[in-house]
Amino acid sequence: MTSNANPSSAQLLKQELQKLGKQPVGAELEHSSEQLRQLYAGCSDVVFRPFLIGGQTNAFLLYIDGLSDAEAIEKSIIAPLMQVQMQPSAAEGLPKLVSQTITVSSTKPVTTFAQVMEAVANGMPVLLRDQEAGGVAFGLPQWEKRTIEEPGAESGIRGPREGFTETLRVNTSMLRRIIKSPLLKLEMMTIGEYTQTNVAIAYIKGLADETLIEETRARLSRIRIDGILESGNIEELIEDSPWSPFPQMMNTERPDVVAAALLEGRAAILIEGTPFVLVAPITFFSLLQTPEDYYQRFMVSTFIRWLRYMFLLMSLLLPSLYVAVLTYHQEMVPGSLLVSMATAREPVPFPALIEALIMEITFEALREAGIRLPKQVGAAVSIVGALVIGQAAVQAGLVSAPMVIVVAITGIASFMMPRYIAGIAVRLMRFPLIMLAGTFGLLGIMLGIIAIVLHMCSIRSLGVPYLSTLATFKGRELKDVLIRGPLWMMDERPRLTGDSDAIRQAPGQMPGPQHGGE
Amino acid sequence: MQMKEQISAFQMALMMYPTVLATGFLALPSVSAHYAGSDMWLAPLFASFSGFLGIFCAVKLHQRFPGQTVVQYGEQIVGRWLGKLIGLGYFIYLAHRLGTISRQYAEFVEGNFLFRTPNLIVICTIVLLAGLAVRGGIEVMARSAVIFTPIFIFPIFFLLLLFPDLNYHHMFPVLDHGLVPVLQGSIAPQAWFNEYFLISFILPKLANAGEGGKWGYISFSAVLVSLVYVDLICLFLLGEDTGSKTYPVLVAFRFLSVADLFENLEALLLAMWVFGNFVKISVFYYAAVTSFTQCLNLQDYRVYVLPVGIIGIAFSLWDLPTYPSLVQHLRLAAPFEILLFLSAIPLLLLIIAALSGKSKAAAQGS
């Protein structure tokens with residue numbers, strides 16, 4: 001956005017639009033309607049509906065076809081106004097008329113052209129009357145929206161089945177249905193010069209640290225961009241460490257996940273047009289937890305968590321360990337296993353490093369193809385993948401069977417990550433580790449681990465250290481990281497930034513027959 | 001933007017544990033056994049005095065001059081020029097130690113795992129990573145230590161699997177040759193334990209400085225117990241032979257074989273060695289950089305991380321052409337160097353400060 005001597009036509013248009021937006025809507029209907037017609041010239045979806053109020057006064061209604069409820073407009077705005085008998089004096093004005101005749105529940109006065117544009121774009125028809133400055137916008141938005149469905153990317157066995165949709169209002173209503181307290185705040189703002197995307201910051205006052213909300217607000221309002229299409233756009237513009245492969249915000253489609261985060265004092269960012277809601281601040285461990293961890297019995301959840309941690313390490317390290325051991329440290333493999341591995345590798349012409357890279361890259365390609373392909377061809381990919389990569393490649397002596405097993409286990413392990421973005425970050429880290437293993441053996445892997453841990457120790461999510469709880473060693477909160485402690489033991493909220501209400505529930509709620517009330 | 005960096009006393013304790021033991025585990029049993037024979041396990045106990053002294057000096061001096069390191073209060077205690085001299089001495093000593101530690105690290109990796117990789121590459125990689133940690137600040141170092149120290153501690157429990165092969169008769173008769181060999185054997189552990197004085201550089205960064213001493217002593221006690229434990233394992237397994245092995249612990253790990261599955265566990269030792277030495281090198285690196293910037297009153301220490309690292313790498317190769325010369329340096333020169341900088345000077349500073357009644361409050365009052 002450099003301002004040079006000869007502004008481009010786009011800049012001229014923008015300036016004109018801004019100038020017009022600041023003007024008040026005048027009393028002369030002819031003039032203002034002409035201005036609006038010019039403004040919306042070429043917008044075939046904008047409807048101008050001139051009519052006479054009570055058969056005398058000129059008026060017209062402006063709305064966008066498909067964004068407002070046309071039937072309701074007809075029934076509860078135009079019809080009553082045309083049939084109105086009494087002639088309100090000029091002093092009483094439009095608001096009085098509206099309050100007496102119109103049955104629409106929500107109305108809003110508009111005075112400038114900017115307000116008119118905003119109201120119309122949000123599906124609110126605007127009424128302007130001759131001899132009177134300003135107008136009234138009616139809350140009658142209605143457009144086609146997807147029904148609430150089960151979230152596709154986050155399925156589970158136990159837990160609510162509804163997921164967010166693309167409509168912001170529906171999403172906020174889902175949150176409000178879960179958290180009914182008026183302390184749940186939903187602050188609105190618009191981002192994007194052309195898209196004018198509505199964005200809501202959700203938090204619970206008193207639980208979320210005040211500075212945290214301020215910081216979120218400040219970072220969001222710093223964004224200057226033409227359009228926001230998905231929460232990913234916003235995430236990339238407000239995160240703490242842009243040069244990191246690790247996601248510093250969680251995105252989720254599930255209202256219960258967002259509600260749980262809000263109850264822990266985090267903030268959520270809801271964006272119009274996407275079912276993915278951002279949650280921040282998070283730690284790395286929030287990305288390794290599922291909402292179901294808290295709905296199942298705690299022992300089961302603890303077991304599953306450990307399993308997940310184990311496979312996280314596997315998906316990161318298994319291929320590189322295999323390469324390192326095979327290339328440099330054969331003596332570490334038990335004798336009989338070494339013999340069978342050597343037999344399997346005998347026809348393979350490549351060194352282990354190349355073999356691993358070939359297989360890993362092919363696997364990643366298969367995975368990506370599986371996502372992008374139309375559903376009808378999806379099956380073909382898996383057949384080709386299984387046959388060509390698995391069976392044929394081994395028989396042709398291009399790769400060894402143990403390597404196929406290693407890659408397959410690694411693939412499954414990476415799909416165990418409950419958050420896709422976390423899984424993919426870990427998968428990305430695997431390639432440098434394989435390289436290091438091929439050049440420095442075990443030492444290389446360890447150096448790689450040190451580098452990764454150092455990086456994770458140095459990044460933050462909205463000011464909260466990424467490896468918080470573990471690396472900052474908060475003893476009490478560890479019971480929700482190393483294990484999943486029973487609900488009746490987790491009396492305190494995790495401490496994020498600043499001080500906020502720490503007590504989550506009354507202590508000593510461990511159930512038992514003596515507390516039965518019999 | 002720059003927040004005041006703070007860590008907890010507990011994190012400091014976790015950082016200091018590998019700082020002493022990373023190289024200590026491998027080197028000390030052999031050195032102690034060389035002098036004390038079957039009484040080698042008593043050597044750490046006799047040496048423990050110096051560790052407690054180091055922590056005591058650091059804590060007492062920090063109480064007198066809160067928020068300052070030895071380089072800063074050194075100036076206040078003995079005057080500007082002498083203080084600068086001491087600060088410069090610390091910098092040179094710490095940079096030199098940074099070099100010798102990385103050399104020790106590289107020699108072990110090379111002698112036992114990567115036989116043909118050049119020394120310089122092994123040294124450079126670890127110093128580079130430690131440099132990244134130092135550049136990230138004490139918080140990053142502390143957080144990574146919380147993750148690395150457990151990885152460092154965990155493998156030593158595997159030595160318990162040696163149980164069937166341990167013969168406790170090796171430790172008898174206790175004190176057969178009197179106290180003198182034990183005292184001789186305790187000189188090397190003393191030097192290592194002295195390194196606890198390095199908390200002088202960390203204490204100013206503590207959020208709960210009052211607990212620094214407590215956690216320092218706890219950390220040191222853990223070191224003491226671990227070292228006696230490792231000494232005993234080596235003694236029970238190898239007997240009088242311990243003194244003739246370069247790395248008795250490596251022998252123990254190689255000896256391990258349980259159910260044909262846990263075999264050749266020296267990979268675990270390599271993990272211990274790499275992660276432990278990473279923490280150790282980054283603590284010395286941090287101390288070296290801090291003493292350099294404070295000695296010259298420089299503001300942003302991050303700029304000087306790389307140059308100090310290069311000096312450290314130079315020290316790691318300079319005048320130490322072969323491994324035997326490194327061993328000779330470690331046996332003959334290093335104990336005096338360590339004793340001077342980590343025991344004698346701190347103790348002298350503390351005595352002078354106590355006698356002249358100098359403290360930060362007094363300095364501000366005058």
Side-chain angles (χ1 to χ4, degrees), chain A residues 211 215 240-241 244 283-285 309 313 317 321 324-325 327-338 436-460 463-475 478 481-482 495 497-498, chain B residues 3 6-8 10-11 13-14 105-106 109-110 112-117 121-122 125-126 128-137 139-151 207 254 257 259-275 277-279 281-282:
Chain A
T211 52
E215 179 67 26
D240 292 54
S241 312
S244 171
T283 65
F284 183 63
F285 302 100
Y309 293 154
L313 289 180
L317 297 176
L321 279 178
V325 166
T327 319
Y328 294 96
H329 314 277
Q330 294 92 346
E331 76 280 359
M332 285 176 195
V333 189
S336 48
L337 182 60
L338 186 65
L436 281 170
T439 45
F440 288 106
L442 282 180
L443 180 74
I445 299 180
M446 286 164 198
L447 295 178
I449 294 175
I450 291 178
I452 292 173
V453 169
L454 268 186
H455 172 71
M456 290 175 86
C457 282
S458 60
I459 61 177
R460 287 163 179 272
V464 175
Y466 203 48
L467 286 183
S468 215
T469 335
L470 183 66
T472 49
F473 212 84
K474 299 173 187 164
L478 277 178
V481 169
L482 296 182
R495 199 171 158 279
T497 55
Chain B
M3 279 180 286
Q6 281 192 329
I7 66 170
S8 69
F10 176 74
Q11 284 178 322
L14 281 183
Y105 155 84
V109 168
E110 225 167 287
N112 298 287
F113 294 94
L114 298 174
F115 304 100
R116 277 177 298 182
T117 312
I121 290 187
V122 182
T125 45
I126 197 87
L128 182 74
L129 282 175
L132 285 178
V134 174
R135 203 163 191 286
E139 277 188 4
V140 171
M141 285 167 58
R143 278 184 227 138
S144 60
V146 176
I147 290 168
F148 292 140
T149 304
I151 304 180
R254 290 221 161 119
S257 168
D260 279 346
L261 186 64
F262 293 109
E263 273 186 351
N264 295 311
L265 289 177
E266 64 257 40
L268 281 175
L269 189 67
L270 180 64
M272 260 178 92
W273 181 250
V274 175
F275 289 120
N277 266 301
F278 168 74
V279 177
I281 291 174
S282 50

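In this structure, chain A has a heavy atom under 4.5 Å from the side chain of B:Ile147, while its backbone stays farther away. The contact between B:Ile121 and chain A is made entirely by side chain atoms (from C-beta outward), counting heavy-atom distances below 4.5 Å. Heavy atoms closer than 4.5 Å to chain A are found in both the backbone and the side chain of B:Ser144.
We find the CG-CD1 distance between B:Leu129 and A:Ile449 to be 11.5 Å, quoted to the nearest 0.5 Å. Atom CG of B:Leu270 sits about 6.0 Å away from atom CG of A:Leu442, to the nearest 0.5 Å.
In terms of the salt bridge (Lys or Arg N to Asp or Glu O under 4.0 Å) criterion, residue partners of B:Glu139 (sequence neighbours excluded) are, by chain and number, A:Arg460, B:Arg143. A search for side-chain hydrogen bond (donor to acceptor under 3.5 Å, both in side chains) contacts involving A:Thr283 returns A:Ser286, not counting sequence neighbours. Taking the ring-ring contact (aromatic ring centres under 6.0 Å, His included) definition, one finds that B:Phe148 meets it with B:Phe275, B:Phe278, sequence neighbours left out.
Of residues 450-458 of chain A, those residues with a non-hydrogen atom less than 4.5 Å from any non-hydrogen atom of chain B are, in numerical order, A:Ile450, A:Ala451, A:Val453, A:Leu454, A:Cys457, A:Ser458.
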